[in-house]
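Throughout, numbering of the chain's residues begins at 1 and tracks the sequence.
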Amino acid sequence: MRKSDVLIVGGGLIGCATAWYLAREGAKVTLLDSGDFGMGASGQNAGSLHFQLERRFLENGDALAEQAARIAALSRLAISDWSSLEADLATDLHITMNGGLMVAETAEECALLERKITRENAEGLQTRMIDGDEARQIAPYLSEAICAAGYSPDEGHADARLVTHAIAIAAAKDGTVLRPRCRVQSIEKAGRKYVISTAEEQFAASQILIACGAWSAHVAAMLNLHIPLFPVGLLMNATERVAQAVPHLVQHVGRRLSMKQTHSGNLLIGGGWPSRMALDAEGRFALYRPPAVIESSLRDNLRVAIDVAPMIATISLIRSWTGITAISADQLPIVGEIPAMPGCWVAGGGSAFTLGPTFARLIAQSMSGRKCGELEIVAPSRFSHLNSFMGQ
């Protein structure tokens, strides 16, 4: 049996980065993933660094928007973490933080944008409202239909394919034991230790982190716990390579859109458009099979992109792909120690790429015994009623 201080299940961005931060402090860490590191949502997303409130928080009423605004404190930390990540890793991750624009096309959308920015400013985010003319001065590619935008000077994007891989390498150099293609078969609590069994090996540690995205609820069930994380199939699109023209992250306050241009010149276009989840033989969502593209999602996603940036109509689409992410019951991330089972931590839910390095750093800090108030807004304790009869 391999013994460690911490066992981490899930080799995505949060899992790898938590292992890295812990290992740098001298902790013995073992990191397991059922596949290869960074091949799930961490590597399939478009790498957006969206520090403004996302549209998904705005489309379900003011109560959720007010609640979501409280994670602005985490966004402020994330701006700093992403700004220093390449230097900390001594690696080029194609991190670009040239600013972001959340655009509006109607009077109603402008009013929603203004309310959003008021909430962000109250929480210390430096977002400002600009009219359509100023937006086009900053971003000449924008349509004349854009009447206003929320401008954040810090937003941007990174190469999602590079980030997790680089952090996994750094974690290994600092002593983390990496176990790819190592599927967890069971987890048991034995006294103060957690014991994970795989087909070939057993692992034990006093603390465990479940950070495997849409699979997190399944892994937590091995400990007789509920984690209200639900799988969501999404669509992404990539164009051919063109000359650099879109240096910003572009989002829409009233329509689903996320757009940015990669280091190599491809435009990545998404924004939360659904794909159709596959089902297994028992009619449950099949997490190990890719979702199918929904034709209307593809068509409508590109329609929004063209309406916002007409130049898109002249560029060829070369690839569309789907991936599975996880969202929580209240759309906020779930990050922290589970009260029903001390020593068991979870990290997942929305914003897991943008806030991933920050979540990892704060989890490592907390696991090391240092109080971390910044995670209270996303703590699993808000769902403690689900586990009042669970655990051990």
- Query: Below 4.5 Å, heavy atoms only, C-beta onward: do D159 and T262 meet side chain to side chain?
  - Reply: no
- Task: Please say whether more than 12 non-hydrogen atoms of neighbouring residues, nucleotides or ligands are located less than 6.0 Å from CZ in R161.
- Result: no
- Message: Let me check something: do L302 and V293 share a hydrophobic cluster, defined by ILVMFWY side-chain heavy atoms less than 4.5 Å apart, either directly or through other members?
- Response: yes
- Item | Sidechain-backbone polar pair: N266 side chain, T239 backbone, donor-acceptor under 3.5 Å | yes
- Audit row: W273, I294, side-chain contact (heavy atoms from CB on, under 4.5 Å) steps and yes/no: CA-CA 9 Å; W273 289 89; I294 297 174; over 6 Å; no
- Can you list the steps and then say if E200 with R179 is a salt bridge (Lys or Arg N to Asp or Glu O under 4.0 Å)? CA-CA 11 Å; E200 299 176 351; R179 287 290 187 268; over 6 Å; no
- When you look at W215 and V184, which way does the side-chain contact (heavy atoms from CB on, under 4.5 Å) test go after all the steps? CA-CA 11 Å; W215 288 265; V184 173; over 6 Å; no
- Message: Quick one, F359 and P333 - any side-chain contact, counting heavy atoms below 4.5 Å?
- Response: yes
- Item | Exercise: do S197 and Q202 side chains pair donor with acceptor under 3.5 Å | yes
- Just by distance, do the side chain of N237 and the backbone of S320 share a donor-acceptor pair under 3.5 Å? no
- Item | Other residues, nucleotides, ligands: >12 heavy atoms within 6.0 Å of E114 CD | no
- Separation of L74 CG from E123 CD (nearest 0.5 Å): 10.5 Å
- Message: Quick check against the 3.5 Å criterion: does Q207 have a side-chain atom that pairs as donor or acceptor with the backbone of W345?
- Response: no
- Query: Taking atom types as modelled, is there a side-chain donor on D154 or S152 under 3.5 Å from an acceptor on the other?
  - Reply: no
- Query: Are V242 and L142 in one and the same hydrophobic cluster, where Ile, Leu, Val, Met, Phe, Trp and Tyr link if side-chain heavy atoms are under 4.5 Å apart?
  - Reply: yes
- Task: Output, in order, the C-alpha distance, side-chain angles, deciding distance and verdict of side-chain contact (heavy atoms from CB on, under 4.5 Å) for T354 and F51.
- Result: CA-CA 7 Å; T354 297; F51 304 118; 3.5 Å; yes
- Query: Between A286 and I324, which heavy-atom pair has the shortest distance, and what is it?
  - Reply: O-CD1, 4.3 Å
- Any donor and acceptor pair, going by atom type alone, linking the side chain of Q52 with main-chain N or O of E155 inside 3.5 Å? no
- Between T164 (side chain) and G38 (backbone), is there a donor-acceptor pair under 3.5 Å? no
- Ignoring hydrogens and geometry, is there a side-chain-to-backbone donor-acceptor pair from E86 to D92 under 3.5 Å? no
- Query: Hey, are the side chains of K116 and T127 touching, using non-hydrogen atoms and a 4.5 Å cut-off?
  - Reply: yes
- Message: Taking E25 first and then R370, would you say they form a salt bridge - that is, a charged N and a carboxylate O separated by under 4.0 Å?
- Response: yes
- Message: Let me confirm one number: the CD1-CE distance from I196 to M1, rounded to the nearest 0.5 Å.
- Response: 11.0 Å
- Quick one: do the T30 and S4 side chains pair a donor with an acceptor below 3.5 Å? yes
- Task: Under the side-chain contact (heavy atoms from CB on, under 4.5 Å) rule, what do I146 and L101 come out as? Steps first, then yes or no, please.
- Result: CA-CA 11 Å; I146 302 304; L101 294 149; over 6 Å; no
- Do Q185 and M222 touch side chain to side chain, with heavy atoms closer than 4.5 Å? no
- Message: Counting only heavy atoms from other residues, nucleotides and ligands, does the tally under 6.0 Å from CD of E108 exceed 12?
- Response: no
- Query: Would the number of heavy atoms belonging to other residues, nucleotides or ligands and lying under 6.0 Å from OH of Y288 be above 12?
  - Reply: yes
- How long is the gap from CG on L49 to OG on S75, to the nearest 0.5 Å? 10.5 Å
- Without swapping roles, check the side chain of R256 against the backbone of G270 for a donor-acceptor pair under 3.5 Å. no
- Task: Find out if a path of hydrophobic residues (ILVMFWY) with successive side-chain heavy-atom gaps under 4.5 Å connects F353 to L355.
- Result: no
- Message: Is it the case that atom CE in M311 sees more than 12 heavy atoms from other parts of the structure closer than 6.0 Å?
- Response: yes
- Item | Path from L386 to I210 over hydrophobic side-chain contacts below 4.5 Å | yes
- Message: Which heavy atom of A104 sits nearest to which heavy atom of L113, and what is that distance?
- Response: CB-CD2, 4.2 Å
- Query: Would you find a donor on one side and an acceptor on the other, under 3.5 Å apart, between the side chain of S316 and the backbone of E240?
  - Reply: no
- Search all heavy atoms of A278 against all heavy atoms of P290 and return the closest pair with its distance. CB-O, 4.4 Å
- Task: Verify the neighbour count for atom CZ of R241: are there more than 12 heavy atoms of other residues, nucleotides or ligands below 6.0 Å?
- Result: no
- Item | Main-chain N/O of S143 paired to R136 side chain as donor or acceptor, under 3.5 Å | yes
- Item | Spacing of L77 atom CG and T358 atom OG1 [to the nearest 0.5 Å] | 6.0 Å
- Look at the side-chain heavy atoms of Ile, Leu, Val, Met, Phe, Trp and Tyr, link any pair under 4.5 Å apart, and say whether L249 and L267 land in one connected group. no
- Query: How long is the gap from CD1 on I130 to CD on Q137, to the nearest 0.5 Å?
  - Reply: 9.0 Å
- Check whether more than 12 heavy atoms from other residues, nucleotides or ligands sit under 6.0 Å from atom CZ of F285, and answer yes or no. no
- Compare all side-chain heavy atoms of K3 with those of K193 and state whether any distance is below 4.5 angstrom. no
- Query: If you count the non-hydrogen atoms of other residues, nucleotides and ligands that lie under 6.0 Å from NE2 in H218, is the total more than 12?
  - Reply: no
- Task: Heavy atoms only: give me the nearest F37-P180 pair and the separation to one decimal.
- Result: CZ-N, 3.8 Å
- Query: What are the two closest non-hydrogen atoms of G15 and I8, and how far apart are they?
  - Reply: O-CD1, 3.6 Å
- Message: Does this structure show an ion pair linking D300 with R303, if we count only N-O contacts that are shorter than 4.0 Å?
- Response: no
- Query: How far does CG of L332 sit from CD1 of I327, to the nearest 0.5 angstrom?
  - Reply: 11.0 Å
- P357 and L13, any side-chain heavy atoms less than 4.5 Å apart: yes
- Task: Could you pull out the closest heavy-atom pair between A166 and L93, with the gap in Å?
- Result: CB-CD2, 3.7 Å
- Quick one: does L223's side chain get under 4.5 Å of C344's, heavy atoms only? yes
- Task: Indicate yes or no: at least one non-hydrogen side-chain atom of Y194 is less than 4.5 angstrom from one of V9.
- Result: no
- Query: Are any side-chain N or O atoms of H157 and backbone N or O atoms of Q261, one a donor and one an acceptor, separated by less than 3.5 Å?
  - Reply: yes
